[in-house]
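One structure is given below, encoded as structure tokens.
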Amino acid sequence: MNNKTKATWMLATALSLMLAACGNEHAAEPPAPTESPKPAETPKQTDAKKPVESKKPSDSSGDSSVVPAPPVTSVNSELAKDAKAEKEKETKEAKAKETKETKETKETKETKATKDKPADKQNQTPEATGAVSDNGKAGASGPKNPAAAVTGGKTKEPPTMGTGDRKALSWYYMKKPKGQVPNFPAETKSFTKDMKALWVGTGKKVYLTIDTGGPLGDIDTLVKSLKDNKVKANFFIAGYNVKKNPDFIRTLVADGHLIANHTMTHTDMNTQTDEQVRKEIEDYEKLYKDVTGKDIQPYFRFPYGRYNTHLLKMVSDMGYTSVFWSTAMRDWEPRKNGAEDPYNDIMNNLHDGNIILMHQGSPENIQALDKIVKAVKKAGYEFALLSDIEPPK
């Protein structure tokens, strides 16, 4: 190797060594600052930490800090199903509750209807011979407790209940020939001044008293017959009938009829305490005032005509005059000859100061009323209100 070639080789070797040294030194230094790398250049495991990218657990690259969003198919779907099921359950329960309430309401009404029936409708007793009842016809709903009266001149003495002034009494009378005032119970002779009571008047006056402790009957025909004949009557209407048809009561008041106290429940007062009797009468007073706006007239009739002298005095102390009768009939059951029977009953016992007891629930009574009124007037009698009565001295 000549000297020129040898020099060239040595120069090339030196240059190679220098280049190698420079390369090793550059690799050991940190890289020069550059622009922040784009997300795409970030290592893959860093991507899993981006909150906007929800991944399934299997896609989390094993990083336990990554919590995946709930999957749309399992939990949300079950929640939706539960909500639907709950709604359906609520709807079903609401319907069941409505059905139950409807049933309970119906049962309550039926129970109340039964409960509201007057005691005399619930506890019916056999009719006594010659008794006065408030039934309009046989088998009809309504009171059936006995109250003695005269039929064909025969009388039935009332049963004995209690002793002394608590002895149960039942009103009756003993017929005389046509035109003569009947005889009345012996106990009337023992009535004192503080036992205010009426059973007959005086003069050519007749007092038509109409009881409605049972069915109300044909109201329209009744009202028309009285109005057409310009007749005023005296009504003893049980409280539960006042509640049943308050418009009827207001019509009677407007037409000038007298309405008196006949208790709320139309119960035999011999079976009640003094407190119960007093409440029956006072509750009626309030009901009448509520319905008509007027105070009740101071006349009272014992249901079925059943009383005792203690109660007679107590009622008198409450400001009432008890009203009995001097003509009555078996008008709580069908009449054999229809409307002719009540007509004959009244005309054959017509007398001065006659207090006639007629039950509104009897269809035959209502059918005969127009004929009866005309015949009584033709016989020379005037129809009057109890407020005008003058009892015998």
Side-chain angles (χ1 to χ4, degrees), residues 130-134 136 147-155 171-185 188 197-212 217 221-222 224-236 257-258 260 299 301 305 322-333 335-393:
V132 172
S133 171
D134 279 338
V150 170
T151 301
K154 296 180 180 179
T155 65
W171 186 260
Y172 63 97
Y173 65 91
M174 292 151 282
K175 290 175 68 174
K176 284 187 175 182
K178 184 176 179 179
Q180 295 185 27
V181 176
N183 286 331
F184 298 99
T188 58
L198 293 171
W199 51 89
V200 69
T202 56
K204 290 293 183 177
K205 289 187 177 181
V206 167
Y207 305 88
L208 177 61
T209 65
I210 301 176
D211 282 18
T212 56
T221 300
L222 167 66
K224 186 176 186 303
S225 295
L226 295 174
K227 182 175 288 188
D228 289 350
N229 288 285
K230 296 181 174 57
V231 164
K232 300 296 186 287
N234 306 272
F235 287 83
F236 291 90
H257 301 294
L258 184 151
Y299 298 95
R301 176 164 281 166
S322 295
V323 181
F324 296 100
W325 54 85
S326 57
T327 293
M329 47 198 161
R330 295 181 64 87
D331 57 358
W332 61 91
E333 58 189 26
R335 308 308 302 271
K336 182 179 179 181
N337 300 303
E340 286 300 309
D341 282 348
Y343 172 83
N344 290 326
D345 286 341
I346 290 174
M347 297 310 297
N348 289 335
N349 195 46
L350 192 59
H351 53 267
D352 287 0
N354 196 353
I355 297 180
I356 300 171
L357 167 59
M358 176 182 288
H359 288 102
Q360 186 174 322
S362 167
E364 293 87 356
N365 283 351
I366 306 305
Q367 292 162 14
L369 184 57
D370 181 77
K371 183 179 178 181
I372 291 171
V373 169
K374 286 179 167 59
V376 170
K377 283 186 170 183
K378 188 176 180 180
Y381 290 88
E382 173 191 352
F383 284 90
L385 296 177
L386 291 170
S387 53
D388 299 326
I389 198 169
E390 293 182 10
K393 294 181 181 179

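Residue numbers start at 1 and run along the sequence shown.
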Taking the side chain as C-beta and beyond, is there a heavy-atom pair between [X] and [Y] under 4.5 Å?
{"X": "Pro342", "Y": "Asp331", "answer": "no"}
{"X": "Tyr381", "Y": "Leu350", "answer": "yes"}
{"X": "Ile366", "Y": "Ser225", "answer": "no"}

Identify the residue among Trp199, Phe184, Trp171, Tyr299 that makes a ring-ring contact (aromatic ring centres under 6.0 Å, His included) with Phe324.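 Among Trp199, Phe184, Trp171, Tyr299, the one that satisfies the ring-ring contact (aromatic ring centres under 6.0 Å, His included) with Phe324 is Trp171.
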With a cut-off of 6.0 Å (strictly less than), are more than 12 heavy atoms of other residues, nucleotides or ligands near CD of Glu390?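 Counting other residues, nucleotides and ligands, CD of Glu390 stays at 12 neighbours or fewer.
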Suppose the criterion is salt bridge (Lys or Arg N to Asp or Glu O under 4.0 Å): which pairs have a residue in residues 344-363, not counting sequence neighbours?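 Residue pairs with at least one partner in residues 344-363: Lys204-Asp352, Arg335-Asp345.
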Would Met329 and Met358 count as a side-chain contact (heavy atoms from CB on, under 4.5 Å) here? Give the steps. CA-CA 8 Å; Met329 47 198 161; Met358 176 182 288; 4.2 Å; yes
Can you tell me how far CG of Leu386 sits from CZ of Phe235, rounded to the nearest 0.5 angstrom?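 Interatomic distance, Phe235 CZ to Leu386 CG, rounded to 0.5 Å: 12.0 Å.
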So, taking the atom named CG in Leu258 and the one named CG in Leu208, what distance separates them when rounded to the nearest 0.5 Å?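 Output value for this atom pair is 11.5 Å.
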So, for [X] and [Y], which heavy atoms are closest and what is the spacing to 0.1 Å?
{"X": "Ile355", "Y": "Arg301", "value": "CG2-NH2, 4.1 Å"}
{"X": "Pro182", "Y": "Ser326", "value": "CG-O, 3.6 Å"}
{"X": "Phe383", "Y": "Lys232", "value": "CB-O, 4.3 Å"}
{"X": "Ala233", "Y": "Ile210", "value": "CB-CD1, 4.1 Å"}

Can any side-chain N or O of [X] pair as donor or acceptor with the backbone N or O of [Y] at less than 3.5 Å?
{"X": "Asn349", "Y": "Ala328", "result": "no"}
{"X": "Asn234", "Y": "Ala260", "result": "no"}
{"X": "Thr202", "Y": "Pro391", "result": "no"}
{"X": "His359", "Y": "Leu357", "result": "no"}

Would you give me the side-chain donor-acceptor pairs under 3.5 Å for residues 369-378, sequence neighbours excluded?
residue, atom, partner, partner atom, Å
Asp370, OD1, Asn229, ND2, 2.9
Asp370, OD1, Lys374, NZ, 2.8
Asp370, OD2, Lys374, NZ, 3.1
Lys371, NZ, Glu340, OE2, 2.9
Lys374, NZ, Asn229, OD1, 3.0
Lys377, NZ, Asn229, O, 2.4

Leu198/Tyr207 under side-chain contact (heavy atoms from CB on, under 4.5 Å): CA gap, chis, key distance, verdict: CA-CA 11 Å; Leu198 293 171; Tyr207 305 88; over 6 Å; no
Could you tell me whether Lys205 and Asp388 have a side-chain N and a carboxylate O separated by less than 4.0 Å? no
Show, in sequence, the C-alpha distance, side-chain angles and deciding distance for Asn337 and Asp341, and conclude whether the side chain to side chain donor-acceptor pair (under 3.5 Å) test is met. CA-CA 6 Å; Asn337 300 303; Asp341 282 348; 3.1 Å; yes
